[in-house]
Number of protein chains: 2
Amino acid sequence: MERGLRELKREATGEALAHAAFELARERGLDGFVIDDVVQRAGYSRRTFANYFSCKEEAVASVGFAGVEDAGALLADLPPDLPLVDALHTVMRQQFATDTLVTMRELLAMVRRYPTLEPYLLSVQNRMRHAAQDLVLSVAGDRYPGIYVPLLFGAVYGAVTAALEGLLDVQLADDDGDAAGRGAMEYGSFLDVTFEYLRNGF
Amino acid sequence: MERGLRELKREATGEALAHAAFELARERGLDGFVIDDVVQRAGYSRRTFANYFSCKEEAVASVGFAGVEDAGALLADLPPDLPLVDALHTVMRQQFATDTLVTMRELLAMVRRYPTLEPYLLSVQNRMRHAAQDLVLSVAGDRYPGIYVPLLFGAVYGAVTAALEGLLDVQLADDDGDAAGRGAMEYGSFLDVTFEYLRNGF
DNA sequence: GCACCAGTTGCCTAGTAGGCAAAATTGCTC
DNA sequence: GAGCAATTTTGCCTACTAGGCAACTGGTGC
């Protein structure tokens, strides 16, 4: 997949910048820092930042892009005759146990406070959907009718997004009860309900 | 719904600016104009533009927000015992016959050429989903289990988006055959396929 | 008519986007 | 390991943008 040290390093640069931006956003809020602060923390020049991201919002949101390769590995381990919906359900159940979800939850909460972040987070989610979809298409695209896989991924993406939003609403409503713990418990069942509808129809 | 002339005028201002931005983007491409050009064409000051939109991309994408009130009216005319999935199918079928869809198609095509537009178009689509969803929730929210309506709207939104993307890919692939005419015909059947999966499960 | 309030505008400044070319870094080949 | 080519990083520069503030304008309700 990678072509060499150079690509790895390029990737690392982007991640370092994104990570610095995300941390600053957590510490000071999205309006509490400027790009100069980000590059200073990450140890790069402002001009380099511009080579990777068009604004700080894009950098912050980009940390939400994660877990696609892991998902691919998980998917490959499943029996090949398992229906795709069920395979996705299984994979997402496992993925939701990682801190990929924690980061995403944090980003979703951040979007509430800073709406300018929303477009960029949506873009990240959309790119993840495409990446996951392409992964499946490249491995087993010929096993399904042409439009099936995109439709499924679209529906899963939309429904799961809606479920997460709804859950976040609930969590933010009872503010600062031990929301994280309770939420972690409920993610699984929300996911199950979501996939039940997707599997059996609305 | 409106409170008076002032609100109407405010709305008109935003639409005038958005319309001017959209036209300029069509004529010169997204990188062929600046905010000053927009406000000059619309007859407002640059400062006023900033009160409505944070950048030209946001203004251009905002013209894609349309048809929600019409959808609400259509929805109200349907028999109240029609299952919600089928009601949505019917409404979207009718909506897809309007030029709301033409504008959206144009915006989607524009996104391919100018990726910086993507986040803002996604944001618009997301807001439309919420608006439609809230509309249904306010009218008939108590007729469905708590998470059902958001999940359905999420799934519909995601699947329809994926279908449109796929269709646009096809249309752009056979570039400039009479894609518009053929596409218009196929939108309906793509929608039917999409809703068949949503209705009966994947 | 009068007080009020939302929308519009100009002014202003810190912040941003992105072209260009020089410098540094790495991958590849011998 | 030494040199060449490709790519990345960087500084410099300039047009452009975001958004606070204060003044002004025009609907709105009494």
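A, B, ... follow the sequence lines: proteins, then strands. Residue 1 opens every chain. What you see below is based on every heavy atom in this structure, not just the backbone, and it leaves out hydrogens, waters and symmetry mates.
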d(CG, Asp36(A); P, dG15(C)) in whole Å: 8 Å
Distance test, side-chain N/O of Thr13(B) to OP1/OP2 of dG7(C), below 4.0 Å: no
Value in whole Å for how far the C1' atom of dT16(C) lies from CZ of Phe33(A): 14 Å
Could you go through residues 107-115 of chain B and list every donor-acceptor pair under 3.5 Å that involves a side-chain atom there, pairing it with any protein atom two or more places apart or in another chain?
from: Arg112(B); atom 1: NH1; to: Asp169(B); atom 2: OD1; distance (Å): 2.5
from: Arg112(B); atom 1: NH2; to: Asp169(B); atom 2: OD1; distance (Å): 3.3

Between dG19(D) (C1') and Ile35(B) (CD1): distance, integer Å: 12 Å
Selection: residues 16-32 of chain B, any non-hydrogen atom under 4.0 Å of DNA chain D: none
Tyr148(A) and Tyr144(A) aromatic ring geometry - parallel, tilted or perpendicular at 30°/60° bounds: parallel
Separation of dG15(C) C1' from Glu57(A) CD (nearest whole Å): 12 Å
Between dT17(D) (P) and Tyr120(B) (OH): distance, integer Å: 12 Å
Results of side-chain hydrogen bond (donor to acceptor under 3.5 Å, both in side chains) for Glu165(B) - residues two or more places apart only: Arg129(A), His130(A)
DNA chain D contacts among residues 37-52 of chain A, heavy-atom distance under 4.0 Å: Tyr44(A), Ser45(A), Arg47(A), Thr48(A), Asn51(A), Tyr52(A)
Partner set under ring-ring contact (aromatic ring centres under 6.0 Å, His included) for Tyr157(B), not counting sequence neighbours: none
Lys56(A) and Asp37(A) ion-paired at < 4.0 Å: no
Phe202(A) and Tyr197(A) aromatic ring geometry - parallel, tilted or perpendicular at 30°/60° bounds: parallel
Residue pair Ala132(A) / Val68(A): nearest heavy atoms and the distance that separates them: N-CG1, 4.2 Å
Residue pairs passing the ring pair (Phe, Tyr, Trp, His ring centres under 6.0 Å) test where at least one lies in residues 61-91 of chain B, sequence neighbours excluded: His89(B)-Phe195(B)
